[in-house]
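For the single chain, residues carry numbers from 1 onward in sequence order. Computed from heavy atoms alone, side chains included, the values below leave out hydrogens, waters and symmetry copies.
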Amino acid sequence: MKAKKFLSILLAVLMLMAAFTACGGKEDKNSSSAADSTKSSKTESSDPDASDAGEGPEEAAEITIMMDGDNTPNATNLVLDKLGEMTNTKINMIYTPTDDAATKRSTMAASDTLPDMFRVINVVTEAQEYADAGLIYNLAGLEDKAPNWFKNAGELLNQVPANKDGAIYYVPDGQLGYAYNLNIRTDWLNNLNMEMPTNLDELYDVYYAFTNNDPDGNGKKDTFGLATDSDPRSFDSIFGAYGIPANKNNIVLDDGTVSIYTKHPNYLEAIKYIRRLINDGLVEPDWLTIPPMDKFGKMWNGVAGAMEFQCVGPTNNWMPGRYTEEVTPTFGFAVIEGPDGSKGVSPQFANITGGWCIAARTENIDACLRVADFCCTDEGNDLLYLGVEDVMFKWIDRDNGEYEYLGEYTDGTKQRAEGGFCYSWLCPPAVNCEMRCFNAQTREGVDLAHENMITEGVVDCQDVLQTRSDYGSDMDSVISEMYVALLQAGSDDELQGIFDEYMKRWETEAHGAEWEKEITEWYNANK
């Protein structure tokens, strides 16, 4: 909470500075309209026929974009070069690890050094604070300069809390996020003469066999059942088997109160099952500390036999280049039923919590809008996802999404080093290249996951609630600590006491009880 308040204070100072500056007569960068964009770049000509008048070709405008991800693209690469060529820009890319992105944005915001374009995940608080502080550009009136980008967001623009009174500070991607699948290696099941599990008992048996019965046939005990990390969604289908949407979701309790998913009456029963898997050595032994890419590596290298994750990774994006075994693994998708017949996975909603802002301080608004608009076309997103056509890949049947990588770029590491995939969420269209290129199994898996999303009783609140804004990080921190403490408890008999202790802290120290009251009132007013 201290870090949150510190950022809020710094942003408040910036707001005051902006107010004093405005009183002194300085031009307001953020009062944007179509006419305002003419001040956007010293290098951009407003006359489309300028080159015909003897002034020569328009000079490329230089912009800085900040993205986050868990890949390692080269600082300069083929994809960025091509993107610059297609949009007449010179792009400086700040590519930061996902875990560091929020802190880096906060630091840059506090010093008013935000890049020209940057992605914001927390639209409820972060984007609102930036808008209030005058740090992001009001794009209202500039829609015709990026028609594809604005059309893609559509009505979602009006659902963004920061976009009040006709302002447009934040443009959401609008994608329906991928729900999770329980991806299980069917080649290992076949080797062990086992069927796809359908309930919790069968699932335990599969994980046990994957750990102890040499599923890869190499004569060694060097495998385990489930690739996991410290995110509760590593066990998404298990929580779902107990009727729990475990992706930080808000749920309606029996008494009508809206609260956090950990207050679901079956929460500790799910924890007991997960503890059994951990204590019996059937999951990733370093689940508490393993980074996401290392977790994925356990799948790529044939160490783990299953993973709760979007099927788009295991059955599409990673095929075949990411897998190191001589024979590429095969997968199927399990739907696990619980003791009372519950099943499913955490829900996904139309995405307004992932989108893009343009800094108020930019001097190249037209260039930013050109880049955003191009990236939001099929051609632009194809470039960002697959790479440079006829250099890194070629289409076999574009209409049916069939392509092949070329030469050294069949190696996923080299494809990403030259920028392939790494920037594919830069202002993407709702139906992006990835979706258009799914193989048949992945299409089925995506549909299966969406069909099994737990939506009943789930509350998706996008409005700025004051308690969430003030204490959200504290509430999340207590819940994360509780989850780890429960999984590491000495025995199941200790679980209720640990749960009660942490939930009391959540309600009082982290102000969870105040948030419950506020979100319940919001829910009753908006349902």
Side-chain angles (χ1 to χ4, degrees), residues 1 4-5 7-12 14-15 18 30-32 101-102 105-106 109-110 114 117-143 149-177 247-252 258-260 347-360 372 425 427 430 458-476 511-512 514-527:
M1 185 176 71
K4 174 75 173 178
K5 287 185 175 178
L7 173 58
S8 297
I9 291 170
L10 288 171
L11 289 174
L14 287 171
M15 290 175 67
N30 213 31
S31 59
S32 62
R105 282 196 307 273
S106 296
L114 284 166
M117 298 177 64
F118 58 97
R119 192 166 190 249
V120 172
I121 299 297
N122 193 338
V123 63
V124 177
T125 56
E126 188 177 4
Q128 185 68 61
E129 287 183 341
Y130 293 168
D132 291 344
L135 296 176
I136 46 182
Y137 210 107
N138 180 3
L139 302 171
L142 300 178
E143 292 89 338
W149 192 37
F150 286 101
K151 182 180 179 181
N152 180 72
E155 290 301 315
L156 292 178
L157 285 169
N158 299 323
Q159 299 178 30
V160 175
N163 294 345
K164 298 176 182 177
D165 302 322
I168 302 176
Y169 290 107
Y170 175 95
V171 181
D173 296 340
Q175 295 175 334
L176 178 62
N247 187 24
K248 297 182 180 179
N249 284 295
N250 313 316
I251 60 173
V252 181
V258 178
S259 190
I260 191 168
Q348 295 290 313
F349 302 98
N351 187 10
I352 73 167
T353 59
W356 288 83
C357 297
I358 296 177
W425 46 96
C427 303
V458 175
V459 177
D460 182 34
C461 177
Q462 298 298 344
D463 279 2
V464 178
L465 302 183
Q466 191 61 49
T467 47
R468 183 67 200 176
S469 177
D470 291 342
Y471 307 112
S473 60
D474 296 334
M475 289 189 282
D476 292 345
H511 301 266
E514 294 176 34
W515 171 78
E516 281 183 336
K517 182 175 184 297
E518 188 177 14
I519 194 172
T520 300
E521 291 174 351
W522 176 91
Y523 172 69
N524 289 328
N526 290 277
K527 65 181 178 180

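Here the options are His511, Glu514, Glu518, the test is side-chain hydrogen bond (donor to acceptor under 3.5 Å, both in side chains), and the partner is Thr467; only Glu518 passes.
In this structure, the separation between CG on Asn526 and CG on Asp460 is 11.5 Å, given to the nearest 0.5 Å. One distance of note links CZ of Arg468 with OG of Ser473; it measures 8.0 Å at 0.5 Å rounding.
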If you apply the rule side-chain contact (heavy atoms from CB on, under 4.5 Å), what do you find for Arg119 with Arg105, and how did you get there?
CA-CA 9 Å; Arg119 192 166 190 249; Arg105 282 196 307 273; 5.6 Å; no
Taking it one step at a time, do Tyr137 and Leu142 satisfy side-chain contact (heavy atoms from CB on, under 4.5 Å)?
CA-CA 11 Å; Tyr137 210 107; Leu142 300 178; 4.0 Å; yes
Show your working on side-chain contact (heavy atoms from CB on, under 4.5 Å) between Cys427 and Met117 and close with a plain yes or no.
CA-CA 10 Å; Cys427 303; Met117 298 177 64; 3.8 Å; yes
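Taking Lys517 as the reference, Glu521 meet the side chain to side chain donor-acceptor pair (under 3.5 Å) condition, with sequence neighbours excluded. Here Thr520 pairs with nothing under the side chain to side chain donor-acceptor pair (under 3.5 Å) rule; sequence neighbours left out.
Judged by distance alone, the side chain of Tyr170 and the main-chain N or O of Val120 form a donor-acceptor pair under 3.5 Å. Using a distance-only test at 3.5 Å, with no hydrogens or angles considered, no donor-acceptor pair links the side chain of Glu129 to the main chain of Ala127. Although no hydrogens or angles enter the test, the distance criterion places a donor-acceptor pair under 3.5 Å between the side chain of Asn163 and the main chain of Leu157.
Shortest non-hydrogen contact noted between Ala109 and Leu135 is O-CD1, 3.7 Å. For Ala167 against Ala140, the heavy-atom pair with the smallest separation is CA-CB, 4.3 Å. Closest heavy-atom contact between Asn250 and Val258: CB-CG1, 4.0 Å. Gly174 approaches Leu156 most closely through the heavy-atom pair CA-CD1, 3.3 Å. In this structure, Asp173 and Asn152 approach most closely via the heavy-atom pair O-ND2, 2.8 Å. Of all non-hydrogen atoms in Val459 and Val252, the two that sit nearest each other are CG2-CG2, 3.6 Å.
A 4.5 Å side-chain heavy-atom check between Ile168 and Phe150 finds at least one atom pair inside the cut-off.
A salt bridge is defined here as a Lys NZ or Arg NE, NH1 or NH2 lying under 4.0 Å from an Asp or Glu carboxylate O, and Asp132 with Lys164 fails to meet this definition.
Classified by interplanar angle (parallel below 30°, tilted 30° to 60°, perpendicular above 60°), the ring pair Phe118/Tyr130 is perpendicular.
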